[in-house]
Amino acid sequence: MPHAGLTTERLTRAGAELADEVGFEQVTVSELARRFDVKVASLYSHLKNSQDLKTRIALLALEELADRAADALAGRASKDALAAFANVYRGYAREHPGRYAAAQLRLDPETAAASAGVRHAQMTRAILRGYDLPEPDQTHAVRLLGSVFHGYVSLELGGGFSHSAPDTEETWARILDALDALLRNWPTP
């Protein structure tokens, strides 16, 4: 019998908040039950298990991130779009580190195809249309951008840049300038 007031959506959101507080890897149905001061069994009418909870958090994070990116991209093109998109990812990761980690969760193909991850790829490709990249170069560029954004954000969140000058904001701006220059002058094979 479902516990009054508990819904799958409410539990997913609470799990996302928990992920931001303690880290995505620490999120479990048991920990969530403690948060709501209920027995673990009462959550199983809403969630299959901890993996189901993590998948739901990942899908929520992908949706939130896609919504923010779409808002940031509206009316922008080329470098402005590139910077807006990159800044959304970086800002989201800083604001919601657990959710950002959840967004990296490997999803099964069917779940991934139905997720907001598809919107992320579409938005990245829309940005790249401003650079007039043909296939397969467009796919290479999508992978490059994802790698740079995720790599920088992960290192920054882990404190990898906190021990040296220049400031990380300056480095981030230079990286975006370098990516823009690279995309405008994409090497031909």
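Residue indices begin at 1 and follow the sequence shown. The figures that follow rest on heavy atoms only: side chains count, while hydrogens, waters and symmetry mates do not.
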Worked verdict on Leu43 versus Leu53 for side chain to side chain contact (heavy atoms under 4.5 Å, CB included):
CA-CA 10 Å; Leu43 299 188; Leu53 173 61; over 6 Å; no
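- The side chain to side chain contact (heavy atoms under 4.5 Å, CB included) test with Arg90 singles out one residue from Tyr152, Tyr100, Phe149, and that residue is Tyr152.
- In this structure the side chain of Phe161 never reaches within 4.5 angstrom of the side chain of Thr171, judged on heavy atoms.
- At a threshold of 4.5 Å between side-chain heavy atoms, the hydrophobic network of Ile, Leu, Val, Met, Phe, Trp and Tyr places Leu6 and Leu60 in two separate groups.
- In this structure, the separation between CG on Leu32 and NE2 on His46 is 10.5 Å, given to the nearest 0.5 Å.
- Between the Asp52 side chain and the Leu47 main chain, no donor and acceptor come within less than 3.5 Å of each other.
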Test side chain to side chain contact (heavy atoms under 4.5 Å, CB included) on Leu145 and Leu82 and set out the steps.
CA-CA 9 Å; Leu145 294 177; Leu82 175 68; 3.8 Å; yes
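- Listed by chain and number, the residues in a side chain to side chain donor-acceptor pair (under 3.5 Å) with Asp108 are Thr111 (sequence neighbours excluded).
- A 4.5 Å side-chain heavy-atom check between Asp137 and Thr188 finds every atom pair outside the cut-off.
- We find that Arg174 and Glu169 are not joined by a salt bridge, their nearest charged nitrogen and carboxylate oxygen being 4.0 Å or further apart.
- Taking the six-membered ring for Trp and the full ring otherwise, Phe85 and His120 have centroids separated by 6.0 Å or more.
- Electrostatic pairing of Arg68 and Glu95 counts as a salt bridge here, judged by a charged N lying under 4.0 Å from a carboxylate O.
- Rounding to the nearest 0.5 Å places OG of Ser162 at 9.5 Å from CD of Glu156.
- For Asn49, there are no side chain to side chain donor-acceptor pair (under 3.5 Å) partners at least two apart in sequence or on another chain.
- Enclosure of atom CZ in Arg94 by more than 12 non-hydrogen atoms of other residues, nucleotides or ligands within 6.0 angstrom is indicated.
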Verdict with supporting geometry, Glu21 and Arg35, salt bridge (charged side-chain N to carboxylate O under 4.0 Å, His left out):
CA-CA 12 Å; Glu21 293 170 22; Arg35 288 279 168 119; 2.7 Å; yes
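- Salt bridge present: Arg125 and Glu135 bring a charged side-chain N and a carboxylate O closer than 4.0 Å.
- Rounded to the nearest 0.5 angstrom, Leu144 CG and Leu183 CG are separated by 7.0 Å.
- By the ring-ring contact (aromatic ring centres under 6.0 Å, His included) test, Tyr44 pairs with no residue at all, sequence neighbours left out.
- Between Arg13 and Glu17 no salt bridge is recorded (no basic side-chain N to carboxylate O distance below 4.0 Å).
- Here Phe24 and His96 keep their ring centres 6.0 angstrom or further from each other.
- Atom CD of Glu63 and atom CG of Leu59 lie 9.0 Å apart (nearest 0.5 Å).
- Lys54 places a side-chain heavy atom less than 4.5 Å from the side chain of Glu25.
- Listed for the Arg99 side chain is no donor-acceptor partner under 3.5 Å among the backbone atoms of Asp20.
- Two residues are said to be in side-chain contact when any heavy atoms from C-beta on lie closer than 4.5 Å; Val27 and Ser50 fail this criterion.
- The aromatic ring centroids of Trp186 and Tyr131 lie 6.0 Å or more from each other.
- Residue Ser45 holds its OG atom at 8.5 Å from CG of Leu11, rounded to the nearest 0.5 Å.
- Note that the CG atom of Leu65 and the CZ atom of Arg119 stand 9.5 Å from one another [nearest 0.5 Å].
- Tested against Met123 for a side chain to side chain contact (heavy atoms under 4.5 Å, CB included), the candidates Leu73, Leu128, Val88 yield a single pass: Leu73.
- For the side chain to side chain donor-acceptor pair (under 3.5 Å) test, no residue two or more places apart in sequence or in another chain qualifies with Gln122.
- Cluster membership check: Leu182 shares its hydrophobic cluster with Tyr89, using side-chain heavy-atom separations under 4.5 Å among Ile, Leu, Val, Met, Phe, Trp and Tyr.
- Applying the side chain to side chain donor-acceptor pair (under 3.5 Å) test to Glu110 and every residue at least two apart in sequence or in another chain returns nothing.
- Side-chain contact check for Asn87 versus Tyr92: every heavy-atom pair is 4.5 Å or farther apart.
- In this view, Gln26 and Val22 satisfy the side chain to side chain contact (heavy atoms under 4.5 Å, CB included) rule, not counting sequence neighbours.
- For Gln104, the CD atom counts as densely surrounded, since its 6.0 Å shell holds more than 12 non-hydrogen atoms of other residues, nucleotides or ligands.
- Between the side chain of Ser42 and the main chain of Lys39, a donor-acceptor pair closer than 3.5 Å is present.
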